[in-house]
Amino acid sequence: MSSSCSKEPIVFYEGRNYMGRHWECSSDCMDTFRHFNCCNSMRVSGGHWVAYEKPHYMGYQYILGPGDYPDYHSWMGFNSCIRSCQMFPPYRGSYKMRLYNRPEMMGHMMEFMDDCPNVYERFHHRDIYSCNIMEGYWTFYEHPNYRGRQYFMRPGMYRSCGDWGGFNPMIGSFRRMRTNM
């Protein structure tokens, strides 16, 4: 996912409330370590970003839209560690995905084209083992009502929860990643 056309930066600050050393980024960065030690606040002036806890787009994922994030709790962060980031491109098309309650696209399947605040109420399964993101970008959340760990889902086949960075198959909610054009 290249953001070479990106002109909308994200600014990382070491201190809360935009204090201390800071670094402005306007393209994908596989390792932020040389730019700052920790991240306690951020400003996204435009575009949409995914920040990762570890280098090379690994670890906890945080989906960020335009706005101010005065501390790591404001982006649902688990800690002040951000070690890589990517911008995801604007998307104007439709959204479509298929979820499965077994690995390898097996078991009960359900197709979605809209947001879902509670997977169990609609899918009648608590665990999503695999999925096929056919159109659009999506965010999976570990808990209902868009809470907990976040997973950035781009189009493609995910044969197991590990393919999207999950430690277990529990997905409580999901929504479309929509950008304002």
Side-chain angles (χ1 to χ4, degrees), residues 1-91 97 103 128-133 136-143 146-177 179:
M1 173 170 50
S2 175
S3 63
S4 58
C5 62
S6 168
K7 293 176 180 56
E8 303 291 349
I10 183 170
V11 183
F12 301 95
Y13 296 84
E14 287 191 349
R16 289 187 174 130
N17 297 312
Y18 323 106
M19 302 296 290
R21 200 166 90 180
H22 66 278
W23 178 64
E24 184 175 301
C25 177
S26 58
S27 63
D28 296 353
C29 182
M30 291 178 61
D31 193 349
T32 63
F33 184 72
R34 64 188 174 107
H35 303 291
F36 55 87
N37 294 322
C38 63
C39 180
N40 279 295
S41 55
M42 288 188 246
R43 281 198 166 115
V44 179
S45 57
H48 287 75
W49 293 81
V50 183
Y52 298 84
E53 175 197 29
K54 296 181 179 178
H56 304 280
Y57 318 117
M58 304 291 289
Y60 295 133
Q61 303 173 27
Y62 307 111
I63 314 304
L64 305 161
D68 292 345
Y69 302 88
D71 60 42
Y72 68 82
H73 299 290
S74 61
W75 65 77
M76 291 192 280
F78 290 96
N79 56 46
S80 64
C81 192
I82 299 293
R83 287 292 171 245
S84 53
C85 63
Q86 292 179 303
M87 185 176 196
F88 71 88
Y91 180 74
M97 73 171 162
I128 305 301
Y129 282 88
S130 57
C131 69
N132 182 3
I133 306 296
Y137 298 97
W138 298 76
T139 304
F140 282 4
Y141 296 85
E142 184 178 26
H143 300 296
Y146 316 114
R147 303 194 49 88
R149 286 187 179 144
Q150 304 168 45
Y151 304 101
F152 173 56
M153 308 296 289
R154 57 177 63 88
M157 296 182 94
Y158 299 83
R159 298 187 177 284
S160 72
C161 61
D163 289 354
W164 63 73
F167 299 105
N168 63 58
M170 188 169 68
I171 300 298
S173 54
F174 56 81
R175 65 175 145 203
R176 297 163 288 170
M177 294 174 69
T179 55

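Note that these values count all heavy atoms, side chains included, but never hydrogens, waters or copies made by symmetry.
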At their closest point, which heavy atom of [X] faces which heavy atom of [Y], and how far apart are they?
| X | Y | result |
| --- | --- | --- |
| S27 | C85 | O-SG, 4.3 Å |
| P66 | G47 | CD-O, 3.3 Å |
| S41 | M19 | OG-N, 4.4 Å |
| R16 | N40 | N-CB, 3.6 Å |
| G20 | Y13 | O-CD2, 4.5 Å |
| I133 | R154 | CB-O, 3.5 Å |

Is [Y] close to [X] at the side-chain level, that is, under 4.5 Å between some pair of heavy atoms?
| X | Y | value |
| --- | --- | --- |
| H48 | M177 | no |
| Y52 | M58 | no |
| F174 | M97 | yes |
| I10 | C25 | yes |
| W164 | Q61 | no |
| M170 | H143 | yes |
| R147 | Y141 | no |

Distance (rounded to the nearest 0.5 Å) between [X] [atom1] and [Y] [atom2]:
| X | Y | atom1 | atom2 | answer |
| --- | --- | --- | --- | --- |
| L64 | M87 | CG | CE | 11.5 Å |
| C131 | W138 | SG | CH2 | 10.5 Å |
| C81 | Y60 | SG | OH | 11.0 Å |
| T139 | R175 | OG1 | CZ | 7.0 Å |
| M30 | S84 | CE | OG | 8.0 Å |
| D163 | S130 | CG | OG | 9.0 Å |

Taking S160 for the side chain and P103 for the main chain, is one N or O donor matched with an acceptor at less than 3.5 Å?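 No, because the side chain of S160 does not come within donor-acceptor range (under 3.5 Å) of the backbone of P103.
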N/O donor-acceptor pair under 3.5 Å between T32 side chain and I82 backbone: yes
Sequence neighbours left out, what passes salt bridge (Lys or Arg N to Asp or Glu O under 4.0 Å) with R159? Give chain and number order.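 Residues passing salt bridge (Lys or Arg N to Asp or Glu O under 4.0 Å) with R159: E104.
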Can you list every side chain to side chain donor-acceptor pair (under 3.5 Å) pair that touches residues 70-83, not counting sequence neighbours? E53-N79
Start with the C-alpha gap between W49 and M42, add the side-chain angles, then the distance that decides, and say whether side chain to side chain contact (heavy atoms under 4.5 Å, CB included) holds. CA-CA 11 Å; W49 293 81; M42 288 188 246; over 6 Å; no
Using the rule ring pair (Phe, Tyr, Trp, His ring centres under 6.0 Å), only one of F36, Y18, Y62 pairs with F12; which is it? F36
Are there more than 12 heavy atoms of other residues, nucleotides or ligands under 6.0 Å from atom CZ of F33? no
Report the relative orientation of the aromatic rings in W23 and H35; use parallel for angles under 30°, tilted for 30 to 60°, perpendicular for over 60°.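 W23 vs H35 ring planes: parallel.
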For F78 and R149, what are the C-alpha separation, side-chain angles and deciding distance, and is it a side chain to side chain contact (heavy atoms under 4.5 Å, CB included)? CA-CA 9 Å; F78 290 96; R149 286 187 179 144; 3.7 Å; yes
